[in-house]
Amino acid sequence: MINRVGHGAEGRGITLTLSPMPLAPSPKTQAHMQLIVKKDPTELAQAVADWLVTYINDVLQRQQRFTIALSGGSTPEALFKLLAESPYREVIPWDKLHIFWGDERYVPLDDDRSNARMAYQTLLNHVPVESTQVFVWQTNQDPDVAADRYANILHTYFDGYSRTFDLVMLGMGDDGHTLSLFPGTEVVHEEQDWTKAYFLESQNMYRLTLTAPVVNKAAAVAFLVAGPKKAAPLNEVLHGDYRPDMYPSQVIRPTDGELYWFVDEAAAAQVQPS
Ligand SMILES: O=C(O)[C@H](O)[C@@H](O)[C@H](O)[C@H](O)COP(=O)(O)O
């Protein structure tokens with residue numbers, strides 16, 4: 001549960017205390033896994049925004065930069081719009097953020113299906129983030145070249161460190177996929193490369209994606225999942241047998257980072273107590 005203390009009368013900004021709901025992790029789940037359930041998508045976005053402000057500013061007490069990989073899909077839109085508005089806009093040190101994406105559809109940047117386009121429209125066009133610190137997957141060159149170049153950027157950021165991103169934000173499809181790790185695809189089991197490009201038959205398009213190795217080295221991973229269609233796969237991912245070919249989100253198991261599942265009540269409706 002996140003207690004939102006609210007912001008001071010002089011508009012100091014939001015002060016928060018995060019009192020995570022203790023969830024006794026079953027053998028299959030992470031020792032550091034926390035499930036936070038909020039009533040609906042609006043309260044969910046608010047809770048994640050509050051948590052993000054605290055987490056970002058906490059990390060920046062200890063280091064000069066904050067690296068974040070944004071998720072694609074539609075769920076994050078409400079959150080991105082919230083972060084672009086007051087008071088969040090004012091309390092996030094945008095100049096210290098280095099922004100990546102967890103995956104991308106291989107479409108032009110101005111295509112409605114582009115994850116980067118959605119993030120720019122709802123957030124990045126409205127906040128003072130340094131453009132030199134925003135790394136869009138290049139979808140105007142050979143997909144494999146684009147994936148290799150993205151991996152090179154990641155290695156310049158993270159080689160020599162024990163961890164990669166400070167935060168990876170993820171969504172989950174109603175088939176249990178995350179990033180562009182779809183059921184039955186080889187990329188789900190990638191153990192070496194940090195990025196992959198491949199042709200996704202079911203969507204008749206190339207996908208560019210981070211892989212489990214780079215995500216599982218993150219300091220924190222936060223899933224944001226909402227809606228009744230996610231209820232059955234969410235319970236399978238959290239408490240079902242380990243079957244990543246069917247439920248690729250199960251490969252996201254941070255080595256020693258924190259794993260958060262921010263979900264609304266509709267998505268949590270079938271989650272069995274562990
Ligand atoms: O490019 C993508 O589609 C995303 O990276 C994908 O992994 C997304 O997070 C899930 O499909 C959930 O999407 P929704 O939020 O739209 O349900």
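Just so you know, ligand 1 is whichever comes first in the structure, and atom 1 is the first atom listed for that ligand. Hydrogens, waters and symmetry mates play no part in the numbers below; they use all other heavy atoms, side chains included. Position 1 is the first residue of the sequence; numbering continues from there. Computed from a prediction, not measured in an experiment: that's the story for all the values here.
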Other members of the hydrophobic cluster containing Met205, with the 4.5 Å side-chain heavy-atom rule, please. Val107
Cationic tip of Arg253 within the cone over Tyr242's six-membered ring, i.e. under 6.0 Å and within 45° of the normal? yes
Residue by residue, ordered by chain and number, which ones reach under 4.0 Å of ligand 1 with a heavy atom? Gly72, Gly73, Ser74, Thr75, Asp103, Arg105, Asn115, Gly171, Met172, Gly173, His177, Thr178, Leu179, Arg207, Lys230
List the residues meeting side chain to side chain donor-acceptor pair (under 3.5 Å) with Asn152, not counting sequence neighbours, and say none if there are none. none
Is the gap between the ring centers of Phe158 and Phe165 under 6.0 Å? yes
Assess the pair Tyr55 and Tyr260: is the distance between their ring centroids shorter than 6.0 Å? no
If a pair satisfies side-chain hydrogen bond (donor to acceptor under 3.5 Å, both in side chains) and one of its residues is in residues 170-180, list it, with sequence neighbours excluded. Asp103-Ser180, Asp175-His177, Ser180-Arg207
